[in-house]
Structure formats: C-alpha cells, structure tokens
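Below: the structure, in structure tokens.
Order of the sequence lines fixes the chain letters, A, B, ..., with proteins taken first and strands second; residue numbering starts at 1 for each chain.
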Amino acid sequence: VIELLFWPALLGYGEAALAYASPRTSRAATWGVRVGWLAQTALLALQAARADGFPWGSWSGSLNLFVWLVVGAYLIWGCRPRYRLLGLGVMPLAAALFVVSRVGGGTRTGEHAHYSNLFLVLHVGFVLAAFAGFTLAAALAALYLWEEGRLKRRAADILRLPPLATLERLTWQTIAVSLPLLTLGLAAGVVRLREESKGVDALEWLTLGTWLVYGVFVVARPAGRRAAYLALGGFALVIVARLALSAGHFG
Amino acid sequence: MSTLTLVGLSHHVAPVELRERVTLDADAAAQLARELGDAVCLSTCNRTELYVVDGEDPLPALEQLAGEPLDGVAYRLQDDAAATHLFRVASGLDSLVPGEGEILGQVRDAFEAVDTGPLLDRVFRQALAVGKRVRSETAIGESPASVSSAAAALASQVFGDLSGRRALLIGAGRIGELAAANLSSRGAEIAYVANRSPRELAQRFGGKPIGLDEIPSALGDVDVVISSTSAPETILRAADVPARRRRPLFFIDIAVPRDLDPAIQQLDGCFLYDIDDLEAVVAETLAGRRAEAARGEQLVAEEAERFRSWRASLDVVPTLASLRAHAEEIRSAELAKVRVSDDERRTLESVTQQILNKLLHLPTVRMKEAAAGAHGATYADAVRHLFGLDDE
C-alpha cells in the first residue's frame, strides 16, 4: 500500500516540477500538486495509523512530514497561474526532498517511534510546520527579488507575474503565521529540557537566533528588497537548523 | 423559413476613407434599420453591418451611404454564417485589438435601439451571451491593449491595489491624460497636476495644480508619476528625486523626447518605463490575447452549433403544432360525447390531457432531434402523412 501511495505522490510532485516550466502546462502542474499532496496525505495517515507513537521521529520521517507541510503551504496560493514561478521553485525542491526521505526510510510504516512524549511531538510538529512556512516565505522573497530585477530591466512580460506589493504582503503574512508556530515549538522544547534538567545546546541557540531574526521581521515589517533579504537571511538559518536537526536531534 | 442576411464593411476589407462615409451615429443607425424592416444596424468606427430578416437587400442602402458601388468590397453572409460572424464580432474576435470590450456594448446598443422579430431577437441575445462567455471563460480581455492602459497595469504590478495611491501628472499630453484616467479608474488619486498652465487639467482630475519647479518637492508625497509634456529638455533629473526607503516610486514617461532622466531607473526603489517599454508591454500582451482568441473561437463554434440546431428545429415546429392541435381536437370531441357530472368531467379532462401529453412528448423530442440532425423535413413529412395533417 505504501508503494501505491508513494509513487503517485512522487509522480504528482515530479510532474508539477516539470510542468510549471511552461505557462501552457501550469494548469496540469497544479493538478499534479493536488494529486501528489493527496497521495502523500494518505501515506502520512497510514504511517500514523501503523505507528505506536510519533511516526516521523527519524530525520527521514521528519523530512517526509516537512515536504508535506511545504507543499500544503504552497497549495494555499499555488492554484493561481501568476504564481507559476513560485511552483517552479518549490516543487522541484519538494520532489527532491521526498526522494531523499524515501531513500532514508522516511516513507516506511511500522517504524519504532523515537518520541512518544507529547511535548516532543508538539515540539517536532510545530518546529517543522514553522520551517515549512519559512521555506515558502523564502521562495516568495526570492520571487520578489527576481521580479524586481525584471521590472528594473523593464521586461515586457512583467504583467504575467504577481504584483510586487502582493509578494511583499504574502511574505510577511507567511512569516507572521509561522513565527507563533516556531514559538510554540521552542516552548515545548524548553519544557522538555527542564524536565530532563539539560542545558541549551548549539542547535537550540541557533533556532533561538532564527526566531529572533523572524521576530524582528514581523515587528519591524521592512519593505522592498530589505524585507526580501531579511526573509532569505532567516531562511539560511533555517537550512542550517534543518540540517543540524537531521544530524543532531534525530541522530 | 426566414432568412437572415448580413451585408457589411469592416476594417478587414475597407480603408478608413470608406468606413468613415458609412459610419452612422446611434439614431441614424436605428433609423436605417427601421427603414429596412426587421433589421439591426451595427455601426462603429471599425465596421458598419446590416442584419436583415427576409426584407429587401440591404446592399443598396450601404452603397447609398458609401456613395459608390461596393461589389467586391462589402461582405455578404447568410443564416448560420451571418450568426457565427455576429458571435465573433460580439466576442471581440473580429476586432482590430482582439478581445476589446467596447464592441459588446455597441452590439447591445444596436440591438436595443430597434424592435426585432424572433430570429433577430434570438441571434442577438445569443451573441451578447457568447460575448460575455468568451470574456469570462478566457483571459482575452484581461491584459492591457493600449499604451495608456499598460501604464496603469504596470503601476498595479508594483503596488497591487491602487486604492489610496497618489499620482502626479506632468504635462497635458493626450496619452498621459488617458493614463491618468486609467489610474483613477483603478482607484488611484491624481494628487498633483504640474503643467505650464495646470489649472484646467487640475480641475478635470481634482488634483492640486503645481508649477514645474515644484515637482521635486511633490515627489515625496506620491507613488506614481506620469509625464507627457512636449518640452524639448529633461523635466526631472535623477539628482532631484528624493531617496525612497519604504515605498517604491513608479515613473511613466510617455513623452518624446523623454521628460524624465533615464538614470532615475538606477535609483533604489524607483522604476521607470518610457514609451518604447510601454509599447513592448502592449505587443507582448497582444500576443497573449491572440493565444486566448483561439480558445474564444472554440466557444463561438460551440454556440454557432447551438444556433444551427435551434434554427433547424424551427423546420418541424409547424408540424408539431398541427399534430398537437389535431390530437386536442380529437380529445375534445370525444369528451363532448360523454355525459357525466361536472366533477367527473374535470377528472376526465385532467386524465385525458395527461395521456395526450405523454403520448406526444417522445415524438416531439425525437422530431426536434431529427431536425437538428438535418432530417427534420423527412420526419415532418412522415408525421403529416401518417396523421393526415395535410388533409385538414
């Protein structure tokens, strides 16, 4: 059954990654995203049903969940033709990470759960959801910078893209929604540390730094290129934290 | 059966010197249509077309307007071809700029200016519906088709919703005014008007009149600048543009020679489009419109087929009416022979009516289907023969 769900999901994401390259096939790409995401949702549901605890506790399992969250967040505005280029950035990444997750065993069922503690489940779930949001915000910021460059070069096909102000607003909104999730995830982690009487390690300091960068972003609400650079800077920290999660937290 | 005839001239076949002679205002077009009988006259700057049912040949009327014979110039179409042409016209597919929206209103005005018979009523109502459908189901009308609308669309590309955005209009060039009107229609406010004599222009747009020397100080208070003066020298230099930190500033330079220093484009937060850039945007969007026009043609073909089926079904309508009248006559005659109470008669009326309706339902449907498939006349002849309708 897992095979029956994994391959349609990968096929959907892969088809979308390729089909977003052309405006003519962007509608088919959006259907690929939808079908792939539904298949992956079923896959995750099956994993949850067959696990004896939090089923995405390994680095590869968390990657599987992360991909699902990123694609889910993209689906919110991925159905519009003007956001085709956003899909062209997000979907190849999602397809590649999904394959990595599969190679690492993250799409299997009946795995032994590393975490069963509720606080840890909340910690991992919230942090991954926040990271997914930050990933999408970074894609929006990158699209903003790219489009601004096209406007500066006075490109004739500029009207096919979403308005700059809309990209700026969506970037801020996505981060404003993701930051509370990261806050909750960090709070759950701190409670766990207190229970185990452990100190804050380097990864946790890094995540706190990430939280601070995005906190400044939400409060100061910078505009234009500065906002895009700050969102991308925060995402650079997210990438480091995500890699450290795989190497450290999940062992 | 009634015949629909179309005779017309358009930008495809006639130069403007000829078109301007046959162009009529709304009243004159309606008057001409009435003189032709059951007719509609559609007259715009790009076409004059006469749609006539049965009545006299409309070509002489058009030739009289043109003041010369129009053989080989005017086009003549009949029935389904005439209807399909009207559907394309109403959809903007036959326009100089594919998908332009004005033509749909012009078709509606021409139709509503006269009283029409059932055939013209049907074909024009369907044309209006087709026009709306093509606009709603394709993106043919979404992109700008002129330099002035492209300028406003580009401002929206930077700011999104233009409500609350403020603009400065420099000069009184016609395209600049049109661009300002386009910005206003999208919700922007023309806050300042700078010109050598700015008062009249300022009154028209409701902005504050300022002198050309006050432009740099006004820039801090606006989001969009449109310039279209006939000045031979640069009106605004990059050094005079204040730094923008939080809000972008969008410049549209429609003047030739250019009013605005091209170096403005290099400033942080500033975007500058000149007339060549705007024309490139229009050319690009027109290419998109042509691609959408192909989808519009498919919708028109579907609607033309529906019209053809409807028209073919008219072949069997007289036979169906005769058949129903014949059946009703038999039913009434037989009921009259029965002696029953009033209550019982009412029951019998109801029951026999239902039987008659059920009996005639399937033959009615089948005959209309056969008519749509071009076998209507055969079926109609058979029914008339079988039920002796011709003998009556």
Side-chain angles (χ1 to χ4, degrees), chain A residues 19 21-30 77 79-86 140-141 143-174 216-231, chain B residues 138-139 142-145 147 149-165 186 223-224 243-253 262-289 291-292 294-295:
Chain A
S22 165
R24 289 184 178 183
T25 50
S26 65
R27 194 178 290 240
T30 302
W77 30 76
C79 297
R80 282 169 280 180
R82 277 185 152 196
Y83 289 84
R84 178 179 67 82
L85 289 172
L86 188 62
L140 286 163
L143 185 57
Y144 178 97
L145 288 174
W146 183 80
E147 183 179 340
E148 204 222 21
R150 303 274 296 164
L151 263 169
K152 279 282 186 191
R153 289 194 298 278
R154 299 185 268 208
D157 61 353
I158 198 74
L159 294 179
R160 293 182 183 176
L161 300 169
L164 276 186
T166 306
L167 287 176
E168 192 179 295
R169 179 173 48 80
L170 285 176
T171 305
W172 186 87
Q173 285 176 348
T174 309
V216 168
F217 185 95
V218 170
V219 173
R221 196 164 186 171
R225 263 190 283 183
R226 284 174 191 81
Y229 286 138
L230 191 57
Chain B
T138 72
E142 285 179 7
S143 48
V147 164
S149 57
L154 282 166
S156 294
Q157 189 64 28
V158 174
F159 299 106
D161 184 10
L162 291 183
S163 300
R165 298 289 174 182
R186 289 174 182 244
D223 305 292
V224 182
R244 308 284 288 196
R245 284 201 169 271
R246 293 195 63 85
R247 288 186 309 162
L249 187 52
F250 185 60
F251 292 89
I252 302 160
D253 188 355
I264 289 174
Q265 178 74 350
Q266 310 306 324
L267 300 176
D268 192 21
C270 292
F271 304 98
L272 169 64
Y273 272 68
D274 62 27
I275 186 76
D276 280 358
D277 304 323
L278 294 172
E279 281 174 354
V281 169
V282 171
E284 214 279 331
T285 57
L286 283 180
R289 280 182 178 236
E292 287 298 305
R295 291 180 57 210

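Both the backbone and the side chain of Leu161(A) come within contact range of chain B, judged by heavy atoms closer than 4.5 Å. Looking at Glu148(A), both its backbone and its side chain come within 4.5 Å of chain B, counting heavy atoms on both sides. Residue contact with chain B, scored on non-hydrogen atoms closer than 4.5 Å, involves the side chain of Arg160(A) exclusively.
Heavy-atom minimum distance, Leu164(A) versus Val158(B): CB-O, 3.5 Å. In plain terms, the two heavy atoms of Ala280(B) and Ala156(A) that are nearest each other are O-CB, 3.6 Å.
Around the CZ atom of Arg27(A), the shell of radius 6.0 Å holds no more than 12 heavy atoms that belong to other residues, nucleotides or ligands.
In this structure Asp161(B) satisfies the side-chain contact (heavy atoms from CB on, under 4.5 Å) test together with Ser163(B), sequence neighbours excluded. Qualifying salt bridge (Lys or Arg N to Asp or Glu O under 4.0 Å) partners for Arg295(B), counting only residues two or more places apart in sequence or in other chains: Glu292(B).
Between the CZ atom in Phe271(B) and the CD1 atom in Ile158(A) there is a gap of 9.0 Å [rounded to 0.5 Å].
Using modelled atom types, one side-chain atom of Lys152(A) and one backbone atom of Cys270(B) make a donor-acceptor pair closer than 3.5 Å.
Put simply, of Gln265(B), Gln157(B), Glu284(B), Gln266(B), the one with the most heavy-atom pairs under 4.5 Å next to chain A is Gln157(B). Contact tally against chain A (heavy-atom pairs below 4.5 Å) for Asp268(B), Leu278(B), Thr285(B): the top residue is Asp268(B). Taking chain B as the reference chain and counting heavy-atom pairs below 4.5 Å, the highest number among Ala165(A), Ala227(A), Pro222(A) is found for Ala165(A).
Contact check on Arg154(A) versus Asp276(B) returns no salt bridge, with no Lys/Arg side-chain nitrogen under 4.0 Å from an Asp/Glu carboxylate oxygen.
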